[in-house]
Amino acid sequence: MVATDSKKLTLAQPSPHARRWASKLKGAALGMVSTHSFPAVVGTADAMLKSSDVMLIGYEKTGAGHCTAVVRGGVADVRMAVEAGTATAKQFGQFISSSLIPRPLPNLEAVLPICMHLDELDRIGQGHVGSGALGLLETRGFPAMVGAADAMTKAAEVQVVAHQSIGDGLCTVIIRGSLSNVAIAVEAGMHEAERIGELHAVMVIPRPLDDLEQSLPIAEALETEQPVRLPIKLEEKEKELVELPAAATDEVAQEMAMPEPTATPAPRPAPQKVVPQPPPLQEGELD
């Protein structure tokens with residue numbers, strides 16, 4: 001007989017956030033907006049997320065610099081998101097096309113990258129940028145992108161988190177930091193990119209949503225330890241006073257006591273030397 005464990009294996013349950021979005025994505029509408037640039041499609045996705053209650057499924061990079069932002073949600077929400085994304089892409093001058101599909105069939109969802117799995121839904125909302133900002137700078141040519149990234153990191157306190165290539169020689173570097181630092185860094189990167197090669201597009205996104213961050217490779221960026229900055233104020237602990245035994249106290253008192261002054265004897269007078277005197281002269285010796 002084979003012994004069986006009485007304990008039953010329990011599968012990990014999806015989070016309430018994942019269950020909520022899984023129910024909303026079941027039969028949800030599909031919205032897509034295409035642009036000529038990766039920074040433009042990220043800015044378009046940011047506008048779509050902030051305009052209505054939709055979920056960003058991801059980006060499709062089809063080559064030649066074409067990128068598509070894919071969102072899901074209710075029909076009304078997706079319609080509003082597509083309109084906002086289209087207006088944003090046209091404002092950047094990078095709009096290609098847009099589309100709205102009210103109820104895609106299950107076979108379409110199973111084949112095309114327009115659906116998100118539950119394990120990916122669990123990661124939504126675990127962002128790292130928080131109240132900071134994202135900066136994207138796109139160049140035509142890899143050397144210009146590297147030079148721009150170097151200039152940005154030297155101009156302000158920002159962190160390079162990833163880069164993207166979408167074909168047609170277009171390369172994008174992604175940075176993050178505070179809004180003021182990102183703005184200064186992007187401006188410095190623009191000048192350096194134009195000096196080396198061709199600047200194609202730039203984008204600064206203040207306070208990005210967690211859904212947007214999860215769609216970018218910055219979610220895989222490692223957190224670097226901050227160097228310790230001197231001086232460091234070290235608090236000195238008070239030294240506890242230990243009571244000495246009686247014998248030790250007496251010895252310490254004797255050592256610390258001042259010696260009593262002693263009377264010094266008066267110096268003895270030096271002995272006088274006796275000089276022999278000549279005998280007295282007799283009468284008649286003077287003659």
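Count residues from 1 along the sequence. All values below were derived from every heavy atom in this structure, side-chain atoms included, with hydrogens, water molecules and symmetry-related copies excluded.
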>> Evaluate Val54 against Leu49 for side chain to side chain contact (heavy atoms under 4.5 Å, CB included), listing each step before the verdict.
In response: CA-CA 6 Å; Val54 294; Leu49 288 173; 4.2 Å; yes
> Okay, side chain of Ser98, backbone of Val33: is any donor-acceptor separation there less than 3.5 Å?
Replying inline: no
>> Tell me the closest heavy-atom pair linking Gly85 and Thr44, and the distance in Å.
In response: O-CG2, 3.3 Å
>> Taking Met190 as the starting point, is it possible to reach Val160 by hopping between hydrophobic residues whose side chains are less than 4.5 Å apart?
In response: yes
>> Between Met203 and Phe92, is there a side-chain heavy-atom distance shorter than 4.5 Å?
In response: yes
>> For the CD1 atom of Ile57 and the OG1 atom of Thr68, what is their distance to the nearest 0.5 Å?
In response: 14.0 Å
>> How close do Val182 and Gly177 get, counting heavy atoms only, and between which atoms?
In response: CG2-N, 3.6 Å
> Do any N or O atoms from the side chain of Arg140 and from the backbone of Asp168 form a donor-acceptor pair under 3.5 angstrom?
Replying inline: yes
> Looking at CD of Glu192 and CE of Met152, how far apart are the two atoms once the value is rounded to the nearest 0.5 Å?
Replying inline: 10.5 Å
> What heavy-atom pair brings Leu100 and Val78 nearest, and what distance separates the two atoms?
Replying inline: CD1-CG1, 3.2 Å
> What's the shortest heavy-atom distance between Asn181 and Ser178, and which atoms?
Replying inline: ND2-OG, 2.8 Å
> Is the closest side-chain heavy-atom distance between Val42 and Leu134 below 4.5 Å?
Replying inline: no
>> Looking at every non-hydrogen atom in both residues, tell me the closest pair between Lys61 and Cys67 and how far apart they are.
In response: CG-SG, 4.0 Å
> Side-chain donor-acceptor pair under 3.5 Å between Gln94 and Ser37, yes or no?
Replying inline: no
> Where is the tightest heavy-atom contact between Ala69 and Met48, given as atom of each residue plus distance?
Replying inline: CB-SD, 4.4 Å
> Are any of the side-chain heavy atoms of Ile175 and Val186 separated by less than 4.5 Å?
Replying inline: yes
> Counting only N and O atoms by type, is there a donor-acceptor contact under 3.5 Å from the side chain of Arg176 to the main-chain atoms of Ala133?
Replying inline: no
> Which value, rounded to the nearest 0.5 Å, describes the distance between His163 atom NE2 and Thr172 atom OG1?
Replying inline: 9.5 Å
> Do the side chains of Gln164 and Cys171 get nearer than 4.5 Å, heavy atoms only?
Replying inline: no
> Any side-chain heavy atom of His200 sitting closer than 4.5 Å to one from Thr139?
Replying inline: no
> Under a single-linkage definition using a 4.5 Å side-chain heavy-atom cutoff for Ile, Leu, Val, Met, Phe, Trp and Tyr, are Leu137 and Val146 assigned to the same hydrophobic cluster?
Replying inline: yes
>> Is there a continuous path of hydrophobic side-chain contacts, each under 4.5 Å between heavy atoms, that joins Val71 to Met80?
In response: no
> Honestly curious: do Phe38 and Ile96 fall in one hydrophobic cluster under the side-chain, below-4.5 Å linking rule?
Replying inline: no
> Same hydrophobic cluster for Tyr59 and Leu209, using side-chain heavy-atom links shorter than 4.5 Å among ILVMFWY?
Replying inline: yes
>> Within this structure, what is the CG-CG distance for the pair Leu108 and Leu30, rounded to the nearest 0.5 Å?
In response: 7.5 Å
>> Please evaluate residues His191 and Leu199 with respect to the criterion side chain to side chain contact (heavy atoms under 4.5 Å, CB included), reporting the C-alpha separation (whole Å), side-chain torsions for both, the decisive distance (0.1 Å), and the verdict.
In response: CA-CA 9 Å; His191 294 295; Leu199 175 66; over 6 Å; no
> Just wondering, do His66 and Ser97 contact through their side chains at under 4.5 Å, heavy atoms?
Replying inline: no
> More than 12 foreign heavy atoms under 6.0 Å from NZ of Lys50: is that the case here?
Replying inline: yes
>> Nearest 0.5 Å, please: how far is CG in Asp150 from CD1 in Ile196?
In response: 8.5 Å
> How far does CG of Leu170 sit from CD of Glu198, to the nearest 0.5 angstrom?
Replying inline: 8.0 Å
